[in-house]
Structures are given as structure tokens and as C-alpha cells.
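Only a predicted model underlies this, so the values are computations on that prediction, with no experimental measurement involved.
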Amino acid sequence: MPLPADWIVPDWPVAPSVRGFVTTRSGGVSAASYATLDLGGGALATPGHGAAVAANRRRVARCLPAAPVWLRQVHGTEVVHVKRLPAAPPTADGAVTRVAGLPLAVLAADCLPVLLAERRGAVIGIAHAGWRGLASGVVERTLDAMGCAPTDVCAWLGPAIGAAAFEVGDDVRDDFMRRDAAAATAFAPVRPGKWRASLVTLARQRLAAAGVACVTGGTWCTATDSTRFFSYRRDGVTGRLGAFIYLDPEAAR
């Protein structure tokens with residue numbers, strides 16, 4: 001099924017067998033604060049919302065070769081190596097696979113989705129990189145799980161909250177600075193104790209330090225584009241977009 005024109009397809013130098021996309025707010029049936037393509041982050045206790053999310057997920061599944069591997073995300077660094085569709089979502093914030101036709105997925109509404117692929121399509125990965133996971137090493141853990149040389153990996157950064165909208169305290173900056181003094185360039189002072197933080201810059205720094213030189217994307221701000229993106233920081237009550245990556249079973253043959 002063709003992707004809706006509003007969804008985002010990575011532009012990166014990987015094999016044709018590597019496919020991926022990120023949904024936007026358009027194309028679904030959820031309503032109000034979750035309009036219209038919430039894929040699972042909303043308050044499912046809202047009457048009828050669980051059915052709307054299920055319908056939205058079915059719509060997205062029609063654009064994939066099989067049902068995706070959803071994760072129970074906890075802003076951590078756990079990464080699962082997936083060989084088949086699990087019976088229940090694993091508790092993790094990253095996933096990798098070498099199996100063609102098995103889509104990996106993460107949900108986000110300001111956090112940074114990171115898609116990873118070995119250039120020739122031997123293995124793919126995905127990470128949900130909020131500031132906590134990014135600081136703790138979820139991207140590096142996902143790279144390690146892929147089991148290939150980082151120099152052979154390309155990364156694509158999806159929509160996330162931009163620096164102009166992401167104000168954090170000293171605690172967040174200090175957490176990154178303790179691990180890498182170069183992280184200082186990703187923070188701009190606002191007033192005493194407060195900083196504007198760039199998740200994209202931090203992710204690029206972590207990828208570069210891990211040996212990944214091929215990095216694209218990272219040009220969309222979820223918080224400042226209310227038409228296309230959900231944003232927890234902007235709205236509080238909101239839905240979640242989905243980021244997906246898979247190895248095309250036809251192209252991989």
C-alpha cells in the first residue's frame with residue numbers, strides 16, 4: 001500500500017532493501033488531542049480511544065510487510081535482538097534484526113527516533129532516544145547489538161523536539177557533560193540553571209564517538225509543528241507517532 005504523502009521517508013545511502021518511514025498526525029481515526037493517527041501513546045482509558053488506536057495501527061500495518069514489533073518503552077537502554085514476532089511487546093527502547101520482512105517500531109512525541117542500517121542491508125536497528133536514554137547509551141547499545149562495524153552503519157534521525165523548544169535544567173546538562181565534555185556545544189544558556197538542549201546534536205555526537213560517520217535527517221521539530229506532529233512538551237495530553245524500519249523481503253532476495 002502506498003504511504004500517505006504527509007509521512008516521512010528517510011533519505012539515506014543504504015541498500016534498496018532497507019525501508020522505513022515515520023508517520024505524522026494525518027491519516028487516522030483518533031480524535032481531539034489525539035487527532036488523527038495516534039499509535040498508542042494516548043490515554044487509552046478515554047472512551048473509544050483504544051479502538052481508535054487499534055484501527056490506526058491496522059492502517060499502518062497495511063503499509064508494512066508484516067505486523068511490526070512494538071516495544072514497551074521505558075526511557076532506558078535495553079535492546080532486544082528480534083528473530084520473530086514476539087507474543088507481547090518486549091520491555092526495551094531499542095531493537096535489531098537480520099530477518100527480512102520483520103518491521104521494528106518505536107513510538108515518540110518529542111523523543112528522537114533513530115533508525116540504523118548496515119549499508120548493504122545485512123542488519124537493521126531502531127532506538128527510542130529521549131534525553132534519558134540518549135545520555136545513558138541507548139544508541140550505543142543498539143549499535144553493539146547490530147554486531148557490525150559502526151563504520152558500515154548509516155543512521156537517520158527522525159522528528160524530535162528542537163533546541164528552540166526544549167528547555168532543560170542543570171541536571172540534564174550535567175548528566176551529558178559527565179559522560180562527554182563535548183556535549184557542552186549542544187546546550188545554550190537561557191537563564192541561570194536553564195538551557196536549550198539539542199537532542200539532534202547530542203545524538204550526532206554520540207554516533208560520531210561510536211564510529212558512525214553517515215548520519216542524515218534530524219530536521220523536524222515536533223514541538224513547533226502542531227499540524228504534523230504530536231508533542232508531549234507542547235500539549236501534555238497527546239498521541240504518539242510511529243517510526244518503522246524493515247528489510248524488504250522482496251528486495252532482500
Side-chain angles (χ1 to χ4, degrees), residues 8 10-12 22 24 41 71 73-79 92-94 106-116 125-144 150-151 153-238 240-241 243:
I8 302 168
D11 181 11
W12 55 341
V22 176
T24 61
L71 302 177
Q73 299 166 196
V74 293
H75 296 277
T77 61
E78 189 67 27
V79 179
D93 284 85
V106 297
L107 299 173
D110 284 336
C111 294
L112 178 67
V114 182
L115 276 56
L116 300 161
I126 196 168
H128 165 246
W131 77 260
R132 291 178 180 85
L134 194 56
S136 299
V138 68
V139 171
E140 293 91 335
R141 289 282 300 274
T142 307
L143 286 167
D144 288 345
T151 51
V153 173
C154 285
W156 183 81
L157 310 180
I161 190 168
F166 191 32
E167 184 176 304
V168 301
D170 283 336
D171 58 328
V172 175
R173 183 176 183 270
D174 292 346
D175 201 2
F176 282 97
M177 293 287 290
R178 278 194 297 270
R179 303 164 197 270
D180 182 6
T185 61
F187 295 87
V190 179
R191 58 187 180 277
K194 295 295 181 180
W195 307 81
R196 300 289 188 195
S198 172
L199 283 178
V200 168
T201 299
L202 291 164
R204 286 179 175 274
Q205 289 175 340
R206 303 304 283 267
L207 286 162
V212 178
C214 175
V215 184
T216 60
T219 60
W220 307 268
C221 175
T222 50
T224 56
D225 190 345
S226 60
T227 300
R228 297 190 77 191
F229 303 117
F230 297 113
S231 170
Y232 181 80
R233 179 65 67 106
R234 183 188 65 231
D235 299 327
V237 176
T238 192
R240 298 295 185 274
L241 60 78

Roughly how far, to the nearest 0.5 Å, is [atom2] of [Y] from [atom1] of [X]?
| X | Y | atom1 | atom2 | value |
| --- | --- | --- | --- | --- |
| T222 | F166 | OG1 | CZ | 10.0 Å |
| T24 | F230 | OG1 | CZ | 8.5 Å |
| R173 | L202 | CZ | CG | 11.0 Å |
| R179 | E140 | CZ | CD | 9.5 Å |
| L112 | I161 | CG | CD1 | 11.5 Å |
| I126 | D93 | CD1 | CG | 11.0 Å |

Test L143 against V139 for side-chain contact (heavy atoms from CB on, under 4.5 Å), laying out the working first. CA-CA 6 Å; L143 286 167; V139 171; 4.3 Å; yes
pair [X]-[Y]: side-chain heavy atoms closer than 4.5 Å:
| X | Y | value |
| --- | --- | --- |
| R228 | L241 | no |
| W156 | I8 | yes |
| L157 | L199 | no |
| L207 | L116 | yes |
| S136 | H75 | no |

Taking all atoms of both residues into account, what is the closest heavy-atom pair of [X] and [Y], and its distance?
| X | Y | value |
| --- | --- | --- |
| L134 | A203 | CD2-N, 3.8 Å |
| S231 | A223 | OG-CA, 3.5 Å |
| A109 | R240 | CB-CD, 3.4 Å |
| V200 | G218 | CG2-O, 3.7 Å |
| G130 | C111 | CA-SG, 3.4 Å |
| T142 | A127 | OG1-CB, 3.7 Å |

Yes or no on side-chain contact (heavy atoms from CB on, under 4.5 Å) for L115 and W12, after CA distance, side-chain angles and deciding distance? CA-CA 10 Å; L115 276 56; W12 55 341; 3.9 Å; yes
Using a 3.5 Å cut-off and no angle test, enumerate the donor-acceptor pairs between side-chain atoms of residues 184-191 and protein atoms at least two apart in sequence or in another chain.
| unit_1 | atom_1 | unit_2 | atom_2 | d |
| --- | --- | --- | --- | --- |
| T185 | OG1 | A182 | O | 3.0 |
| T185 | OG1 | Q205 | NE2 | 2.8 |
| R191 | NH1 | E167 | OE1 | 3.4 |
| R191 | NH1 | E167 | OE2 | 3.3 |
| R191 | NH2 | E167 | OE2 | 2.7 |

Carboxylate-amine/guanidinium proximity below 4.0 Å for R178 and D174: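 No, R178 and D174 are not salt-bridged.
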Identify, with sequence neighbours excluded, every residue that meets ring pair (Phe, Tyr, Trp, His ring centres under 6.0 Å) alongside W131. none
Heavy atoms of other groups near D11 CG, more than 12 under 6.0 Å: no
Once side chain to side chain donor-acceptor pair (under 3.5 Å) is applied, do any residues pair with W195, and if so which ones, sequence neighbours excluded?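 Side chain to side chain donor-acceptor pair (under 3.5 Å) check on W195 returns D170.
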